[in-house]
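Note that ligands are numbered from 1 as they come in the structure, with each ligand's atoms numbered from 1 the same way.
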Amino acid sequence: MTPVRYTPDVEVIDPEEPRIQAQLVEAFREISETTHRDLGHGYRAVHAKSHALLKATFSVLAGLPAEYAQGLFATPGTHDALLRISTNAGDLLPDTVSLQRGFAIKVFDVEGERLPGSADARTQDFLLANGIAFPTAGPEPFLRTLQLLAKTTDKVEGLKKFISLVFRNLEKGVEALGGESALLTTLGGHPNTNPLGERYFSQAPIRYGDYMAKVGLFPVSPNFTVLEGRELDIDGRENALREEIGVILAKEGGRWELRVQLCRDLGANPIEDASVPWPEEDNPYVAVAVIDVAPQRAWTGERAAILDDQIAFSPWHGIVEHRPLGAIMRARKPAYEASSGLRGSFNGCPMHQPGSAALPD
Ligand code: HEM
């Protein structure tokens, strides 16, 4: 089936969205203020804890078929990139609480007309998490979970540890909870594996030049793929993920493939409902770029002072040809702007779009 052409009317805007977006900003503000009060430092309202802060190269593959050679991927070649691997809580929990992981990519020297709010940069960000779809169709049910989290930030570490443990041991029970399970697992319950071996997805779609796509990141070097599904021994280790990633990347580099799945049918591949995985049987993810990391010190305080404190990632940092699409994506624009703005003001250091991928060794 040929891919569906992008036209602005694929997005259908609910009149309630501004209210929900304002409430999301408010819930994130509450989380950030709580962690700032408790820890004396400004952190992201979600994905506060980083586990790897990496220099990378991002190489667009040559010879892509025309439908995949779109936007940033229209021109083969290598770009510098920064990578930030995180877990999704808004506070700094010990890694014994197993949480969903995030993978943020910032690609440098990207040509093209810029998205609103990102005119001052020449970067393209991709924000991915290790689940194939978002837990809710739109932002409203997500807001309700978040409001609960905002009220419990810093109060329920014990509870989160408990939930995490229960879910790790009772995965089948989690499945039996049906629709609720995905939401609940945002509190914990992801198998505690090495983040280098995970697969990450945009969950919600983006414009892909003439078409629309979801984006996925797949480990491909054997030292990463061997980690897939392998549980770590994390008992009592506060920063186990940082340590496990650090041991590998101190000696060896590695590679991921960035793959995209094009929207080929607006019924089976909806734009507005981010909770629906697009079936892959006859519409697979196809590689369009590779991301390589050389051996390096994967997490240092000096790197955190830059990538955690001074730099923001957002799906809205990028080019018009990769415009984020759908209600979840629209809700993210004000949320990321407010969260990163607050983080900058707490730390007395405004966010800036870096001109280069330079990081201390
Ligand atoms: C309504 C939906 C969502 C909202 C409101 C939201 C909100 C946020 C906020 C406020 C931040 C912190 C930004 C900062 O302070 O710099 C953040 C970070 C992040 N989000 Fe989301 N998010 C949403 C959906 C998603 C989805 C669908 C994904 C990926 C599949 C995702 C992945 C990430 C990642 C990886 C980060 C960390 C970025 C970094 O390392 O700087 N989010 N999100």
[X] and [Y] aromatic centres sub-6.0 Å:
X	Y	result
F142	F134	yes
Y336	W316	no
H36	F346	yes

Taking 4.0 angstrom as the limit and counting only heavy atoms of [X], give me the atoms of ligand 1 inside it, by number and element.
X	answer
F134	2 (C), 24 (C), 27 (C)
Q203	27 (C), 30 (C)
L128	29 (C), 30 (C), 35 (C)
V46	8 (C), 9 (C), 11 (C), 12 (C), 17 (C), 18 (C), 43 (N)
A129	29 (C), 30 (C)
A335	5 (C), 10 (C)
S340	15 (O), 16 (O)
G102	35 (C)

Geometric N/O contact S202 with ligand 1, under 3.5 angstrom:
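For ligand 1, there is no N or O atom that lies under 3.5 Å from one belonging to S202.
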Under 3.5 Å between some N or O of ligand 1 and some N or O of S339?
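It does: an N or O of S339 is found under 3.5 Å from an N or O of ligand 1.
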Under 4.0 Å between a side-chain nitrogen and a carboxylate oxygen: does that hold for [X] and [Y]?
X	Y	value
E272	R330	yes
E280	K214	no
R37	E33	no

Contact check: Y336 to atom 21 (Fe) of ligand 1, N/O/S below 2.8 Å
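Here the distance criterion (N, O or S atom, under 2.8 Å) is met by Y336, so yes.
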Cation-aromatic face contact K106/F313, 6.0 Å, 45 degrees
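Yes, a cation-pi geometry holds between K106 and F313.
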Would R199 pass as a cation-pi partner of F218, given that its NZ or CZ must be under 6.0 Å from the six-membered ring centre and within 45 degrees of the axis?
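Geometry flag: not set, cation outside 6.0 Å or 45°.
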For S50, which part has a heavy atom under 4.0 Å from ligand 1: side chain, backbone, both, or neither?
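No part of S50 is near ligand 1 at this cut-off.
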Region of F201 engaging ligand 1 - heavy atom pairs below 4.0 Å
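It is the backbone that gets close, since no side chain atom is under 4.0 Å.
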Tell me, which protein residue and heavy-atom name are nearest [atom], and how many Å apart are they?
atom	value
atom 41 (O) of ligand 1	R44 NE, 2.5 Å
atom 29 (C) of ligand 1	L127 O, 3.5 Å
atom 16 (O) of ligand 1	R343 NH2, 2.5 Å
atom 5 (C) of ligand 1	F28 CE1, 3.5 Å
atom 40 (O) of ligand 1	R84 NH1, 2.7 Å

Would you say R297 has more than 12 foreign heavy atoms packed within less than 6.0 Å of its CZ?
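12 or below, so no.
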Just going by heavy-atom distances, which of R101, K214, K49, H47 is nearest to atom 37 (C) of ligand 1?
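Shortest heavy-atom distance from atom 37 (C) of ligand 1: H47.
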From the candidates R29, M329, R332, the one that places a heavy atom nearest atom 4 (C) of ligand 1
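The nearest heavy atom belongs to R332.
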Less than 4.0 Å is my threshold; does some heavy atom of F103 fall inside it relative to ligand 1?
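Per 4.0 Å heavy-atom rule, F103 contacts ligand 1.
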Is the H322 ring parallel, tilted or perpendicular to the Y208 ring (thresholds 30°, 60°)?
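Taking Y208 first and then H322, their aromatic rings sit tilted (interplane angle of 30° to 60°).
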Do you know which of E252, R255, K251 makes side-chain hydrogen bond (donor to acceptor under 3.5 Å, both in side chains) with N223?
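It is E252; the other options fail the test.
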State which residue, out of N239, D308, D91, fulfils the side-chain hydrogen bond (donor to acceptor under 3.5 Å, both in side chains) condition with K49.
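Result: among N239, D308, D91, N239 is the only option passing the side-chain hydrogen bond (donor to acceptor under 3.5 Å, both in side chains) with K49.
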Hey, which of F201, Y68, Y200 is the one that makes ring-ring contact (aromatic ring centres under 6.0 Å, His included) with Y285?
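Filter result, single survivor: F201.
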